[in-house]
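Here's the structure, in structure tokens; my notes come after.
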Amino acid sequence: MRILCVAEKPSAAKQIASILSQSNYQVRQSPNKYVKNYTFDYTLNQRTVSMTMTALLGHLLDLDFGPECKSWQTTRPEDLFQAQVHNSVLGNLEDVAINIRELARNADVLFIWTDCDREGEAIGAEVEEICRQVNTRMQVWRARFSAMQPQPIHHAANNHDQLDRRQVQAVKTRQELDLRIGAAFTRFQTLQLRCYFNNTLTTSGPVISYGSCQFPTLGFVVDRYMAIKNFVSEEFWKIDMEYQSERMENNNGNSGPAVKFNWKRGHLFDYWSSFVLYEKCYQNPMASVIRVQKKRVTKRKPLPLTTVEMQKTATRMLGMTGTRIMEVAESLYRSGLISYPRTETDQFDKNFNFMPLIQMQANDRAWGQYAQLIRDGEFERPRNGGHDDKAHPPIHPTGYDQNIYGDERKVYEFIVRRYLGCCYKDAVGYETVVEAQIAGEKFDVKGLIIIERNYLDVYTYDKWNAHTIPDFEEGQQFMPSSLLLNSGKTEPPKLLTESDLISLMEKNEIGTDATIADHINKILERNYAYKTGNYFNPSTLGIALVLGYDEIGFNSSLSKPFLRREMEADLKQICEGNKDPQLVLRQSIESYSHMFERTIDGFGKIRYSMETYFDYGEYLENAARNRNNNYTSNNNNNWDNESSSSTTRTRGRGRGNNTTSRGRGSRGGGARQNTSSGRGRGARGGSTTTANTSRGRGRGRGRGRGGLTNNTVAPNCNCDIPSAEFTTTQGPNRGRKFRKCGYANSNDHDTCGFWMWSDT
DNA sequence: GCAAGGTC
């Protein structure tokens with residue numbers, strides 16, 4: 001019997017082949033440079049079989065529209081909700097497919113060893129599809145394994161299962177929805193808003209993409225920015241009490257630092273209430289200690305490292321972007337220095353052998369001493385977190401090389417210290433809580449002495465600050481050294497850091513461990529946002545888009561995470577057999593088509609938002625900045641480069657002209673005007689928009705085309721709907737009038753598109 | 001030229 005085994009990636013193929021064959025295999029290069037084919041004999045249920053193990057490079061197939069939908073000009077975006085879609089081999093993976101087909105021709109069984117998660121199941125179905133093209137009689141088996149360890153792998157080999165069709169259907173549903181929704185909205189808003197970027201109305205210009213992950217990601221950034229803009233600071237009052245102990249005198253006879261007590265009420269926003277309470281204390285200021293509580297406390301060591309946790313912590317501690325961290329981790333993994341870097345698992349397998357990996361670090365100059373301590377008796381098994389993706393262990397070092405430098409060194413060191421920290425003991429401290437009372441008002445202070453630092457010594461990214469206070473006894477009385485009624489002001493939140501953004505995405509199930517960094521990168525690449533230091537600012541384009549969509553008044557705005565969460569919940573229902581995938585698909589398409597219709601109808605609101613918030617000069621500045629930071633993809637920066645030559649001219653003109661009331665670079669220009677009322681209808685500043693909405697679709701006739709100039713996009717368009725006109729105040733077409741028309745070569749003009757109107 | 005999901 002000949003069995004063709006297929007793993008999701010070359011490293012997994014090699015590991016599984018090594019385990020099954022006990023490293024006794026023959027290896028041959030496939031047509032793809034990353035993929036190797038391993039052949040060996042295996043005893044399967046007391047029978048010797050011939051196995052070939054090969055690999056994929058992730059997904060093999062991609063869903064797309066046919067060539068009839070290729071043109072953005074002749075295909076109406078709304079038709080993409082119904083258009084035919086089909087699967088084809090991903091662009092550069094034809095050689096992988098050729099290899100698989102070749103091997104499948106003579107196989108009796110296709111044995112699928114892809115990762116045991118939802119995507120892995122779908123990838124398995126893709127392999128099956130490819131193999132069926134050349135071999136219709138083979139059986140298809142699915143391997144179910146919980147870890148890349150001999151026992152689970154042999155168990156999976158001898159107890160094969162079937163592909164889980166529900167999971168496959170769930171993934172297919174997601175793919176189709178993401179494609180249809182993404183393409184329809186992207187094409188539509190790109191064509192609608194292109195007039196803000198380009199004055200020739202040719203087909204070039206930036207892509208203003210929409211995606212069910214990238215938009216909510218942008219939404220988080222804009223929401224935080226608006227929360228800051230709309231923040232109203234409030235004054236509050238609090239009683240500050242300090243005590244300077246004689247017992248804390250130092251050697252010079254001076255008293256030690258004062259102990260600051262916290263008022264148990266925190267702070268009050270009412271001055272007179274605070275004043276009355278303060279007066280009571282002031283009249284009778286002797287404090288009595290009413291409670292002294294001493295207890296042993298621990299600071300728990302970290303959990304084993306997952307991808308998302310690595311990105312959250314390392315972006316904060318190492319000053320690198322999530323994308324860069326993943327790039328570096330990928331390279332460390334390929335060098336054999338760390339385990340697979342994309343994992344959700346935060347618990348080690350019960351048979352995991354920790355000691356050799358600890359020993360491996362024992363001679364390092366920086367952290368070797370801690371590895372030695374752990375090896376020589378301080379070891380304690382890592383904690384178990386609550387996640388297990390059943391495919392990969394937590395990220396941990398697998399090799400040692402002292403000759404790595406720069407970012408690789410930083411990320412490797414982080415992973416090693418995390419691993420050693422996990423294998424060490426919790427830190428132990430001694431906490432004292434003292435509660436005192438003055439005239440009925442309660443105050444408290446906490447002291448902390450660290451007794452054993454343990455893991456904190458090696459995992460230097462965690463801090464635990466000791467705070468010494470003098471000894472107090474219950475019943476003791478003391479006179480405060482200072483008792484003041486102080487005022488303060490509430491402060492706005494800070495802009496989001498990458499770490500904050502990753503946490504929000506994780507919490508709202510936006511993206512996966514492998515894609516979160518991509519989505520963040522995408523909003524920079526599209527110039528929807530830019531970074532200042534570690535903080536994410538929305539660009540005026542990002543603000544305009546998000547607030548514009550929010551204005552349309554959907555139950556759940558397209559810029560919010562709820563739609564994606566709903567989709568995720570539906571997919572889980574499909575996997576559990578509670579929902580029919582066809583039904584989910586039909587209902588979702590219907591619902592998104594409806595939202596698309598409303599977006600067309602309400603697009604005036606998005607354009608209005610562009611007129612209010614968008615600043616072309618600022619856009620070009622951010623584009624240049626993001627390009628310098630390498631956030632712009634290579635195939636996308638030609639247009640930005642070309643257009644930047646006209647930047648200065650355009651900006652210079654605009655400043656003194658019809659944009660005077662918004663101020664220059666007015667990222668906050670429009671937003672600021674809305675400070676007290678939240679988003680929405682603030683004054684429009686210098687906008688001269690007539691901002692008609694697209695009411696009256698499909699009505700009216702008459703030859704409007706005569707007035708069109710520069711109409712290089714729609715030469716055959718006979719559209720003549722006179723219902724809406726507006727004059728833009730932004731970008732290279734400032735002062736020009738636009739009017740509504742349909743799509744070229746289409747007889748159905750019941751769709752709004754804006755082409756340039758005469759500007760003479 | 002669109003999405004998000006794998007992986008190199």
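Because the structure is predicted, anything quoted here is derived from the model rather than measured.
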Taking any heavy-atom pair under 4.0 Å as a contact, classify [X]: base, sugar-phosphate, or nothing.
X: A:R174; result: base
X: A:Y340; result: sugar-phosphate
X: A:N32; result: nothing
X: A:F185; result: nothing
X: A:L93; result: base

Grab the [atom1]-[atom2] distance between [X] and [N] for me, whole Å please.
X: A:L63; N: B:dG5; atom1: CG; atom2: P; answer: 15 Å
X: A:D62; N: B:dG5; atom1: CG; atom2: P; answer: 13 Å
X: A:E568; N: B:dA4; atom1: CD; atom2: C1'; answer: 11 Å
X: A:E8; N: B:dG5; atom1: CD; atom2: P; answer: 14 Å
X: A:F65; N: B:dG1; atom1: CZ; atom2: P; answer: 15 Å
X: A:L56; N: B:dT7; atom1: CG; atom2: P; answer: 11 Å
X: A:F596; N: B:dC2; atom1: CZ; atom2: P; answer: 17 Å
X: A:N92; N: B:dG5; atom1: CG; atom2: P; answer: 19 Å

Picking from [options], which would you name as closest to the side chain of [X]?
X: A:P10; options: B:dG6, B:dA3, B:dT7; result: B:dT7
X: A:H59; options: B:dT7, B:dG5, B:dG1; result: B:dG5
X: A:H519; options: B:dG5, B:dC2, B:dA3; result: B:dG5
X: A:T512; options: B:dA3, B:dG5, B:dT7; result: B:dG5
X: A:K9; options: B:dT7, B:dA3, B:dG5; result: B:dT7
X: A:R194; options: B:dG5, B:dT7, B:dG1; result: B:dG1
X: A:R187; options: B:dG6, B:dG5, B:dC2; result: B:dC2

>> Under 4.0 Å from OP1 or OP2 of B:dG1: is there any side-chain N or O of A:T186 that close?
In response: no
>> Any side-chain N or O of A:Q214 below 4.0 angstrom from OP1/OP2 of B:dA4?
In response: yes
> Would A:R180 and A:E78 pass as an ion pair if we require N to O under 4.0 Å?
Replying inline: no
>> With a 4.0 Å cut-off on N to O distance, would you call A:K560 and A:D223 a salt bridge?
In response: yes
> Relative to the 5' end of DNA chain B, which residue comes earlier, A:G211 or A:L57, by the nucleotide with the nearest heavy atom?
Replying inline: A:G211
> Quick one: on DNA chain B, does A:L60 or A:I181 contact a more 5' nucleotide (nearest heavy atom)?
Replying inline: A:I181
> So, for A:L191 and A:Q73, which heavy atoms are closest and what is the spacing to 0.1 Å?
Replying inline: CD2-NE2, 3.7 Å
>> Testing the basics here: between A:C575 and A:R118, what is the closest heavy-atom pair and its distance to 0.1 Å?
In response: SG-CD, 3.7 Å
> Do we see a donor-acceptor contact under 3.5 Å between the side chains of A:S88 and A:D62?
Replying inline: no
Enter the distance from [X]:[atom1] to [Y]:[atom2] here, rounded to the nearest 0.5 Å.
X: A:T323; Y: A:M320; atom1: OG1; atom2: CE; value: 10.5 Å
X: A:I208; Y: A:L545; atom1: CD1; atom2: CG; value: 6.5 Å
X: A:L620; Y: A:R627; atom1: CG; atom2: CZ; value: 8.5 Å

> What residues form a salt bridge (charged side-chain N to carboxylate O under 4.0 Å, His left out) with A:K579, not counting sequence neighbours?
Replying inline: A:D570
>> Tell me which residues in residues 112-120 of chain A lie within less than 4.0 Å of DNA chain B, going by non-hydrogen atoms.
In response: A:D115, A:E119
> Is any N or O donor-acceptor pair between the side chain of A:D64 and the base of B:dC2 shorter than 3.5 Å?
Replying inline: yes
> Are A:W72 and the base of B:dG1 stacked, counting only ring centres nearer than 5.5 Å and planes tilted under 30°?
Replying inline: yes
